[in-house]
Amino acid sequence: DIPSHLDDLPPSMLKKDYARLPIMNSVDDVVKRLLSLEMASQKEKMKVKTQQLVEKVRRSPSDNGSFELLSLSFTVAVLTARIRTLEEHLQKHPKDKKNRRFLLMDLDRRRKMLGYLRRVNYSTFENTCKELDIQYSPPQPYTRRVTKRWLVKKALCIKVFQEKQKLKAAERLKQRREQQARIRAAWE
């Protein structure tokens with residue numbers, strides 16, 4: 001079970017390197033706190049969050065993303081961890097334009113990957129979205145904004161097309177009459 005925000009990580013959760021040491025049971029609480037994720041750097045917290053999300057997507061413990069579509073799920077999990085970390089950062093620092101841009105780029109990359117995964121293997125897509133708690137909505141179809149300039153341009157194009165059709169119709173009529181005259185001359 002992954003906490004939604006890094007601040008919600010339990011302070012007793014020790015960094016991975018120190019959690020398995022037998023001496024940790026006899027260490028003072030202050031030392032445990034220093035070695036916990038509460039005092040960890042942002043990079044270490046990001047690693048833990050990414051690892052937990054990848055564990056959710058993984059099918060079996062021995063699976064390391066060998067299958068192409070599963071590899072996509074791993075990439076989506078890593079992007080989700082980055083997105084959640086950046087969202088958290090932007091809540092604290094709303095004027096940070098650079099990280100907002102990174103967030104939007106990562107959101108776009110994840111949306112494209114999920115779209116591809118949805119087209120290719122829907123069951124993996126559904127499982128990934130459910131496990132990572134992602135709400136996917138397909139992109140809106142492209143619609144052009146109607147402006148006066150565009151309407152005038154369209155009207156002009158239609159008018160030019162109609163005039164050209166009239167010229168072609170007159171040319172075709174002329175050719176048809178010539179052909180009929182040749183046929184009549186051949187009959188006589």
Side-chain angles (χ1 to χ4, degrees), residues 2 4 46 49-51 53-60 62-91 93-188:
I2 183 168
S4 59
M46 180 71 181
K49 192 171 200 170
T50 303
Q51 189 177 26
L53 286 175
V54 166
E55 287 296 323
K56 281 187 166 188
V57 175
R58 184 176 287 172
R59 288 183 184 170
S60 65
S62 62
D63 188 12
N64 287 322
S66 54
F67 183 55
E68 181 183 331
L69 296 176
L70 202 56
S71 173
L72 256 172
S73 296
F74 285 143
T75 311
V76 168
V78 170
L79 280 172
T80 301
R82 283 182 53 187
I83 287 168
R84 289 181 182 163
T85 304
L86 286 170
E87 283 173 345
E88 221 174 81
H89 172 77
L90 287 171
Q91 284 177 352
H93 310 283
K95 293 186 177 184
D96 188 352
K97 304 293 185 210
K98 181 180 175 185
N99 281 320
R100 182 171 305 281
R101 184 170 172 271
F102 288 145
L103 172 69
L104 292 174
M105 286 167 46
D106 286 346
L107 281 169
D108 194 44
R109 278 183 60 205
R110 183 178 75 176
R111 183 186 52 77
K112 285 178 183 176
M113 285 184 181
L114 284 172
Y116 175 73
L117 196 58
R118 184 175 185 232
R119 282 192 312 273
V120 174
N121 191 343
Y122 193 78
S123 61
T124 307
F125 162 78
E126 273 188 330
N127 184 40
T128 303
C129 286
K130 187 180 84 179
E131 291 296 323
L132 299 178
D133 194 28
I134 297 173
Q135 294 290 326
Y136 176 80
S137 57
Q140 296 292 322
Y142 175 76
T143 55
R144 185 185 182 109
R145 211 173 92 228
V146 178
T147 60
K148 284 184 181 179
R149 181 179 179 176
W150 182 76
L151 287 173
V152 169
K153 191 174 181 180
K154 185 175 180 181
L156 177 68
C157 288
I158 290 172
K159 202 171 199 175
V160 167
F161 176 75
Q162 289 171 344
E163 291 296 321
K164 193 162 185 167
Q165 291 296 86
K166 286 179 188 176
L167 291 173
K168 282 183 180 179
E171 184 70 28
R172 272 190 250 121
L173 183 63
K174 183 179 171 186
Q175 287 175 355
R176 196 177 312 129
R177 286 186 182 157
E178 288 174 0
Q179 187 179 12
Q180 287 173 350
R182 274 186 259 136
I183 291 173
R184 274 192 225 122
W187 278 97
E188 294 174 356

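Residues: numbered from 1 along the sequence shown. Every value quoted in this text rests on a predicted model; they were computed, and no experiment measured them. Reckoned from all heavy atoms, side chains included, excluding hydrogens, waters and symmetry mates.
Nearest heavy-atom pair across Tyr136 and Cys129 is CB-SG, 4.2 Å. Scanning both residues, Pro94 and Arg100, for their nearest heavy atoms gives O-NH2, 3.1 Å.
From Tyr116, atom OH reaches atom CG of Asn121 across 10.0 Å, with rounding to the nearest 0.5 Å. How far NZ of Lys154 is from OG1 of Thr147: 11.5 Å, rounded to the nearest 0.5 Å. Interatomic distance, Lys168 NZ to Phe161 CZ, rounded to the nearest 0.5 Å: 7.0 Å. Note that CZ of Phe102 is 14.0 Å distant from OG1 of Thr85, once rounded to the nearest 0.5 Å. Rounding to the nearest 0.5 Å gives a distance of 9.5 Å between CG of Leu114 and CZ of Arg111. If you take CG on Leu104 and CD1 on Ile83, they are separated by 9.5 Å, rounding to the nearest 0.5 Å.
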TODO: Give the C-alpha distance, both sets of side-chain angles, the deciding distance and a yes or no for side-chain contact (heavy atoms from CB on, under 4.5 Å) between Leu72 and Val120.
DONE: CA-CA 11 Å; Leu72 256 172; Val120 174; over 6 Å; no
Task: Audit row: Lys112, Asp108, salt bridge (charged side-chain N to carboxylate O under 4.0 Å, His left out) steps and yes/no - done: CA-CA 6 Å; Lys112 285 178 183 176; Asp108 194 44; 3.6 Å; yes
Open item on the list: With side-chain contact (heavy atoms from CB on, under 4.5 Å) as the criterion, how do Ile158 and Gln162 come out once you've worked through the C-alpha distance, each side chain's angles and the decisive distance to 0.1 Å?
Closed with: CA-CA 6 Å; Ile158 290 172; Gln162 289 171 344; 3.7 Å; yes
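Asp106 and Arg110 are not joined by a salt bridge, as no carboxylate oxygen comes within less than 4.0 angstrom of a charged side-chain nitrogen.
In the model, Asn99 has no side-chain atom that pairs as donor or acceptor with a side-chain atom of His93 under 3.5 Å.
Counting heavy atoms from C-beta outward, Ser73 and Glu131 have side chains that stay 4.5 Å or more apart. Side-chain contact between Arg84 and Thr80 is present, with heavy atoms from C-beta onward closer than 4.5 Å.
Open room surrounds CZ on Arg109; 12 or fewer heavy atoms of other groups in view lie less than 6.0 Å from it. No more than 12 heavy-atom neighbours from other residues, nucleotides or ligands sit within 6.0 angstrom of CZ on Arg82.
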Could you pull out all donor-acceptor pairs under 3.5 Å where a side-chain atom in residues 170-182 meets a protein atom, sequence neighbours excluded?
none

